[in-house]
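Since the structure comes first, as structure tokens, the remarks are kept for the end.
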Number of protein chains: 2
Amino acid sequence: MKTVTQDRPYSQTLTRLREAGLRPTRQRLALGRLLFDGGDRHVTAEALHEEAQAAGVSVSLATVYNTLHQFTEAHLLREVVVDSARTYFDTNVSDHHHFFLENSGSLMDIDGNKIAITGLPQAPDGTDVARVDVIVRLQGTPRAAE
Amino acid sequence: MKTVTQDRPYSQTLTRLREAGLRPTRQRLALGRLLFDGGDRHVTAEALHEEAQAAGVSVSLATVYNTLHQFTEAHLLREVVVDSARTYFDTNVSDHHHFFLENSGSLMDIDGNKIAITGLPQAPDGTDVARVDVIVRLQGTPRAAE
DNA sequence: TCTCATATTTAGAATTATTCTAAGGTGTTG
DNA sequence: CAACACCTTAGAATAATTCTAAATATGAGA
Ligand SMILES: [Mn+2]
Ligand SMILES: [Mn+2]
Ligand SMILES: [Zn+2]
Ligand SMILES: [Zn+2]
């Protein structure tokens with residue numbers, strides 16, 4: 001058996017970009033690796049930009065925004081609206097919901113097929129359900145921090 | 001029987017403000033009446049400001065923001081997060097959820113005790129559930145507009 | 001009713017996340 | 001390698017919201 005010699009075997013970012021019709025530029029590859037290597041993540045543009053800098057990848061904030069939006073259009077990411085001040089991007093594009101820790105601003109996934117919503121009225125005439133989002137807002141209990 | 005001679009009997013805005021410990025200023029009374037007379041509403045600061053202008057009430061946008069936040073602290077309003085670009089304030093402070101029409105940016109209430117969510121994992125250690133929000137995102141079907 | 005301390009309003013500046021512009025760099029394909 | 005479309009980016013622009021600090025209104029008491 002031969003050893004895989006690619007530098008990042010995990011996420012197959014290059015392949016994903018190709019399939020999405022996006023040129024595999026240095027910036028998109030680097031951001032894609034930060035996003036898709038390892039487990040699911042929820043990031044803001046600013047946070048990903050800082051992470052890239054810290055990793056020694058030179059990429060502008062404008063490109064981070066461009067890339068996050070392009071990845072979202074390509075369904076490699078989805079947006080999560082939980083805070084009217086910042087946009088979160090989610091590498092988990094499967095059907096799921098969220099815990100939102102209002103203190104820290106962090107998100108945790110809730111598997112979409114573990115929960116059920118019953119009694120939803122039907123969508124008004126002339127509309128279709130694009131998505132149902134459940135957000136469980138959490139407050140930290142300082143006591144537990146001891 | 002005597003006829004009620006108050007100019008706006010509907011919302012008892014004056015009483016509400018007193019109970020909340022807020023001075024019934026001209027601006028707060030006017031905004032309170034716009035918000036609470038008539039049925040439940042979902043407004044943005046900008047929209048309420050324009051509505052006030054149109055009603056001949058002179059109030060600054062800063063005061064609209066101040067007032068919306070004070071009303072929210074006093075639980076006369078609550079915030080609804082559905083769009084990362086603008087904040088909605090909701091005059092319905094009872095337990096309920098929302099349809100969000102992404103095209104028009106409008107919200108419709110879903111009665112909280114008509115729907116049930118089962119299978120929610122318990123909140124992580126050291127946290128408490130502050131609220132559960134269900135947002136049903138709707139896309140208009142242009143066909144129906146004919 | 002007048003006074004005065006305090007709460008409120010407001011114009012305009014500041015902040016912050018995000019988007020836009022337009023100029024130069026890069027990936028792909030023949 | 002040429003050529004062109006696609007990409008990146010610095011910096012300006014935008015837009016919602018917040019802040020500042022000066023002017024004004026409110027209400028408790030005299
Ligand atoms: Mn905002
Ligand atoms: Mn924004
Ligand atoms: Zn997620
Ligand atoms: Zn509502």
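Proteins get letters first, then strands, A, B, ... in listed order; numbering begins at 1 in each. The model shown is predicted, which means the values in this text are computed figures rather than measured ones. FYI, side chains are in, hydrogens and waters are out, and symmetry mates aren't considered; it's all heavy atoms of this structure.
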Give the rounded distance in Å between these two atoms: [atom1] of [X] and [atom2] of [N].
X: A/L29; N: D/dC6; atom1: CG; atom2: C1'; answer: 15 Å
X: B/H49; N: C/dT9; atom1: NE2; atom2: C1'; answer: 12 Å
X: B/D83; N: D/dA15; atom1: CG; atom2: C1'; answer: 12 Å
X: A/L14; N: C/dG27; atom1: CG; atom2: C1'; answer: 12 Å
X: B/F71; N: C/dT8; atom1: CZ; atom2: P; answer: 11 Å
X: B/N66; N: D/dC19; atom1: CG; atom2: P; answer: 10 Å
X: B/E79; N: D/dA16; atom1: CD; atom2: P; answer: 16 Å
X: B/L17; N: C/dA7; atom1: CG; atom2: C1'; answer: 14 Å

*Transitive ILVMFWY side-chain link A/V81 to A/Y88, under 4.5 Å*: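 No, because A/V81 and A/Y88 fall into different hydrophobic clusters, even though each may have its own neighbours under 4.5 Å.
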
Could you please name the option among [options] that lies closest to any side-chain atom of [X]?
X: A/L61; options: D/dA16, C/dT18, D/dT9; answer: C/dT18
X: B/T87; options: C/dT10, D/dT17, C/dT18; answer: D/dT17
X: A/S60; options: C/dT10, D/dA10, C/dA17; answer: D/dA10
X: B/R28; options: D/dG11, C/dT8, C/dT18; answer: C/dT8

*Over all heavy atoms of both residues, which pair between A/R78 and A/D133 is shortest? Give the atoms and the distance, please.*
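Of all heavy-atom pairs spanning A/R78 and A/D133, the closest is NH2-OD1, 3.7 Å.
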
*Taking for each residue the nucleotide of DNA chain D bearing the nearest heavy atom, is the 5' side occupied by A/V59 or by B/A62?*
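On the 5' side of the pair lies A/V59.
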
*Between the side chains of A/H98 and A/D109, is a donor N or O closer than 3.5 angstrom to an acceptor N or O?*
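A donor-acceptor contact under 3.5 Å links the two side chains.
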
*Any side-chain donor-acceptor pair under 3.5 Å between A/H42 and A/N92?*
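No, no side-chain donor-acceptor contact under 3.5 Å.
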
*asked:* Is A/Y65 close enough to C/dT19 that one of its side-chain N or O atoms is under 4.0 Å from OP1 or OP2 there?
replied: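 Answer no for this pair, as no side-chain N or O of A/Y65 is under 4.0 Å from OP1 or OP2.
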
*Below 4.0 angstrom from OP1 or OP2 of C/dT18, is there any side-chain N or O of B/S84?*
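False: B/S84 side-chain N/O out of range (4.0 Å or more) of C/dT18 OP1/OP2.
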
Which part of the nucleic acid, if any, lies within reach of [X] when heavy atoms closer than 4.0 Å are counted: base, sugar-phosphate only, or nothing?
X: A/S58; value: sugar-phosphate
X: B/T44; value: nothing
X: B/H69; value: sugar-phosphate

Reported [atom1]-to-[atom2] distance for the pair [X] and [Y], which is rounded to 0.5 angstrom:
X: A/D37; Y: A/Q12; atom1: CG; atom2: CD; result: 10.0 Å
X: B/I135; Y: A/I135; atom1: CD1; atom2: CD1; result: 4.0 Å
X: B/T67; Y: B/L17; atom1: OG1; atom2: CG; result: 9.0 Å

Every protein N/O lying under 3.5 Å from an N/O of nucleotides 21-30 of chain D:
| residue | atom | partner | partner atom | Å |
| --- | --- | --- | --- | --- |
| D/dT26 | O2 | B/R23 | NH1 | 3.0 |

_Does atom CZ (A/R26) have a neighbourhood of more than 12 heavy atoms from anything else shown, all under 6.0 Å?_
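Not buried by this count: 12 neighbours or fewer within 6.0 Å.
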
